[in-house]
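Residue numbers begin at 1 in each chain, while the letters A, B, ... track the order of the sequences. Here the structure is a predicted model, which means the values were calculated and not measured.
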Amino acid sequence: MSTHETTYIGAVMEAIDLEMARDERVLLLGQSVGGRPDDPFVQRYGENRVRVTPISETAEIGMAVGAALAGMRPVVDATMAEFLLVAMDQVVNEGNRFHHMSGGRVRVPMVLKAGYGFTAGWAGQHTGSIYGMFMGVPGLKVALPSTPADAKGLMASAIRDDNPVLFLHHYLLTLDRGEVPDGEHLVPFGQAVIRRPGADVTLVATGWTVPMALAAAATLAADGIEAEVIDPRTIAPLDTATVLASVRRTGRLVLVDQATRHASVSAVLAAEVAEAGFDALRAPIVQVTGLDAGIAYSRPMEEHVLPDEAKVVAAVRRVVEYSGTRV
Amino acid sequence: MDAEQTRAVLATMWRIRAFEERVGQLKRADEVHGLIHLSIGQEGVAAAVCGQLRTDDAVYSGHRAHGHALAKGAPMTRALAELMGRRDGLCRGMGGSMHLVDVEHGFLGATGVVGGNIPLALGTALALHAAGRDAVAVVFFGDGAVQAGLFAESVNLAALWRLPVLLVCENNGFAEFSPRSAHTPVERVRDVVAPYGLVGGTVDGNDVDAVWAAVAGLLPAVRAGEGPALLECLTHRLRGHYEGDPDRYREAVSSAEWRERDPIARLQRAATGDGRLDPDELPGFERTARDQVERAVLAARESPFPDAALAASLAYRR
Ligand SMILES: Cc1ncc(C[n+]2csc(CCOP(=O)(O)OP(=O)(O)O)c2C)c(N)n1
Ligand SMILES: [Mg+2]
């Protein structure tokens with residue numbers, strides 16, 4: 001398989017481009033999409049398929065649902081995850097419901113693309129890792145790519161999926177570079193990937209915390225602790241089987257998540273493993289998550305509420321050294 | 001505006017201009033972080049509106065809020081300390097540029113979600129009215145917010161309940177990177193609200209005398225509880241949408257046009273032309289403002305960063 005190097009965001013746009021070329025039902029809508037005639041997407045696919053929208057999230061997303069019901073495959077670039085909240089009814093009580101409510105007679109193939117987690121001084125309203133609000137919503141799929149290759153492959157799969165998909169790209173990864181397969185590249189939903197094998201402890205991380213977990217694993221390896229790092233890639237559907245199989249090998253689980261602790265992937269995985277993998281655990285499950293607070297503006301406070309490599313390393317050490325009391 | 005009012009408004013405009021130019025530099029030097037939207041070129045609206053408000057009148061703003069906060073009376077040092085993430089900042093370093101709040105001076109706050117501030121102003125107007133006070137609520141928003149669903153919901157409710165709220169739309173012709181024509185077939189915001197019977201209208205927002213006169217004409221009726229008003233101020237931002245924006249989506253404004261449109265230069269020309277101000281006093285406005293900003297920078301740098309644990313302890317009111 002031949003590859004080329006590109007950025008994380010470049011890989012997302014590459015997938016949209018390929019899918020638009022492949023299927024003329026694919027539309028691209030959004031507030032910072034194709035505002036000018038020399039925009040490459042407008043030039044390639046025309047102003048009918050590539051449309052800039054007003055700041056009208058409710059109408060924008062609701063319209064995408066309606067277009068999907070009528071056979072199109074719209075991709076809405078909602079810019080930031082928080083702006084979806086303006087249109088919450090359309091996202092979690094319209095688009096996701098129609099297939100189910102109609103007895104399977106209609107489908108809503110729609111992608112909502114949005115960035116999240118921009119913890120670089122964007123403060124209270126633009127920095128949330130709010131996927132916890134969406135991952136438990138029936139009918140809605142949620143992808144959280146952490147690498148350029150997955151960003152491309154998950155976007156392509158999202159566009160071909162017959163369900164509404166929330167595709168959340170991490171803003172702090174935007175310009176990260178990586179090798180991406182040329183041409184058609186599909187990453188299946190619901191299949192976690194083991195980023196690094198290891199026998200002593202299982203580390204699960206998503207998005208921006210994946211490189212953090214890998215860095216922690218490298219630090220721990222220097223002390224002879226081998227961490228296995230798993231990236232679920234999609235959180236709805238969520239591949240608990242890969243995580244459970246790993247915990248059966250390692251006996252220990254540390255979950256890393258940028259989200260607030262009580263609305264995180266980590267909380268869901270902790271519950272699943274506690275229920276189905278209790279017999280395999282040699283230590284309590286430990287979660288390293290964002291604190292249950294908003295993101296503060298000032299740097300020291302911003303860092304305080306977020307997970308970081310040192311917190312992951314410390315958690316792993318506590319779990320590995322566990323001797324039957326509390327962690 | 002008489003001579004004294006003109007001096008006060010000009011001083012405010014220079015304070016905003018000097019503050020924001022310095023904030024742009026501090027952002028590039030990474031002493032200010034995050035997302036910064038400057039209002040350079042639009043200062044006349046903030047100065048002429050807030051210059052006629054009382055401390056107990058409430059003001060709301062959005063993502064481009066520095067000018068509104070300063071014009072409403074927020075101390076420059078504390079605003080700058082906020083942008084530099086320091087303990088003495090208006091919000092103790094918690095909010096930053098898009099979330100300034102200064103209750104003491106009636107600046108009830110800025111929100112970074114476009115349009116999210118409009119119903120908040122309605123609610124404050126409702127509360128002021130219910131308390132029998134003659135204070136008003138004022139909300140500043142851009143032309144982009146007019147296409148948000150809650151704008152229509154809010155205008156309807158404000159008109160229906162005759163709330164004492166002044167809606168000030170700074171129509172700079174752009175929302176992020178696209179022109180108003182890409183967002184709506186209705187060019188003038190006053191036409192959007194016409195069926196609701198709101199008083200107000202459209203003025204040249206860079207003609208500060210005109211903004212002042214329009215507000216002076218509207219405010220007494222709003223204060224008297226006769227219902228809401230909407231003032232659309234046509235203006236122009238001289239910087240990109242945010243600091244760092246390559247600004248390639250619009251025609252560059254030539255330097256001649258820049259001078260022509262700049263509300264500060266325009267007011268200075270008008271006021272010296274009709275004898276309100278003496279040409280000799282003009283340089284003092286800029287110098288005073290720039291000195292004040294430099295002192296604010298030094299003071300803000302002296303302020304320590306907040307205790308990190310504050311971030312979690314403020315999740316709820318205890
Ligand atoms: C609900 C929502 N959607 C999108 C955005 C992203 N956004 C930030 S500023 C902006 C443009 C606002 O334009 P306008 O209201 O005209 O204000 P201006 O920037 O021109 O002052 C957009 C779309 C947002 N902050 N909130
Ligand atoms: Mg605008």
Problem set entry | Among B/Pro306, B/Ala315, B/Ser97, B/Gly115, residue most engaged with chain A (heavy-atom pairs, under 4.5 Å) |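 Between B/Pro306, B/Ala315, B/Ser97, B/Gly115, the count favours B/Pro306.
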Exercise. Based on non-hydrogen pairs under 4.5 Å, which of B/Thr111, B/Asp307, B/Leu310, B/Val146 is most in contact with chain A?
Worked result: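 The option with the most such pairs is B/Thr111.
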Can you tell me which portion of [X] sits under 4.5 Å from chain A's heavy atoms? Options are side chain, backbone, both or neither.
| X | value |
| --- | --- |
| B/Val113 | both |
| B/Arg92 | backbone |
| B/Ala175 | side chain |

For this session: For B/Glu31 and B/Arg301, run salt bridge (charged side-chain N to carboxylate O under 4.0 Å, His left out): C-alpha distance rounded to whole Å, both residues' side-chain angles, the deciding distance at 0.1 Å, then the answer.
Result: CA-CA 9 Å; B/Glu31 279 191 73; B/Arg301 281 183 184 144; 2.8 Å; yes
Exercise. So A/Tyr171 and A/His169, would you call those rings parallel, tilted or perpendicular, with 30° and 60° as cut-offs?
Worked result: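 Ring orientation of A/Tyr171 relative to A/His169: perpendicular.
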Contact origin within [X] toward chain B - heavy atom pairs under 4.5 Å:
| X | result |
| --- | --- |
| A/Leu291 | side chain |
| A/Thr53 | backbone |
| A/Ser56 | both |

For this session: Check whether more than 12 heavy atoms from other residues, nucleotides or ligands sit under 6.0 Å from atom CZ of A/Arg44, and answer yes or no.
Result: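 Yes, because the 6.0 Å sphere around CZ of A/Arg44 holds more than 12 heavy atoms from other groups.
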Exercise. Got a salt bridge between A/Arg261 and A/Asp292, using NZ or NE/NH1/NH2 to carboxylate O under 4.0 Å?
Worked result: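 Between A/Asp292 and A/Arg261 there is no salt bridge, as every charged N stays at least 4.0 Å from the carboxylate O atoms.
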Exercise. Are B/Arg86 and B/Phe305 in a cation-pi setup, meaning NZ or CZ lies under 6.0 angstrom from the ring centre and within 45 degrees of the ring axis?
Worked result: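 Ring-cation test returns yes.
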Problem set entry | Listed partners of A/Asn48 passing side chain to side chain contact (heavy atoms under 4.5 Å, CB included), at least two apart |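 Scan of A/Asn48 (side chain to side chain contact (heavy atoms under 4.5 Å, CB included), adjacent residues dropped) gives A/Arg51.
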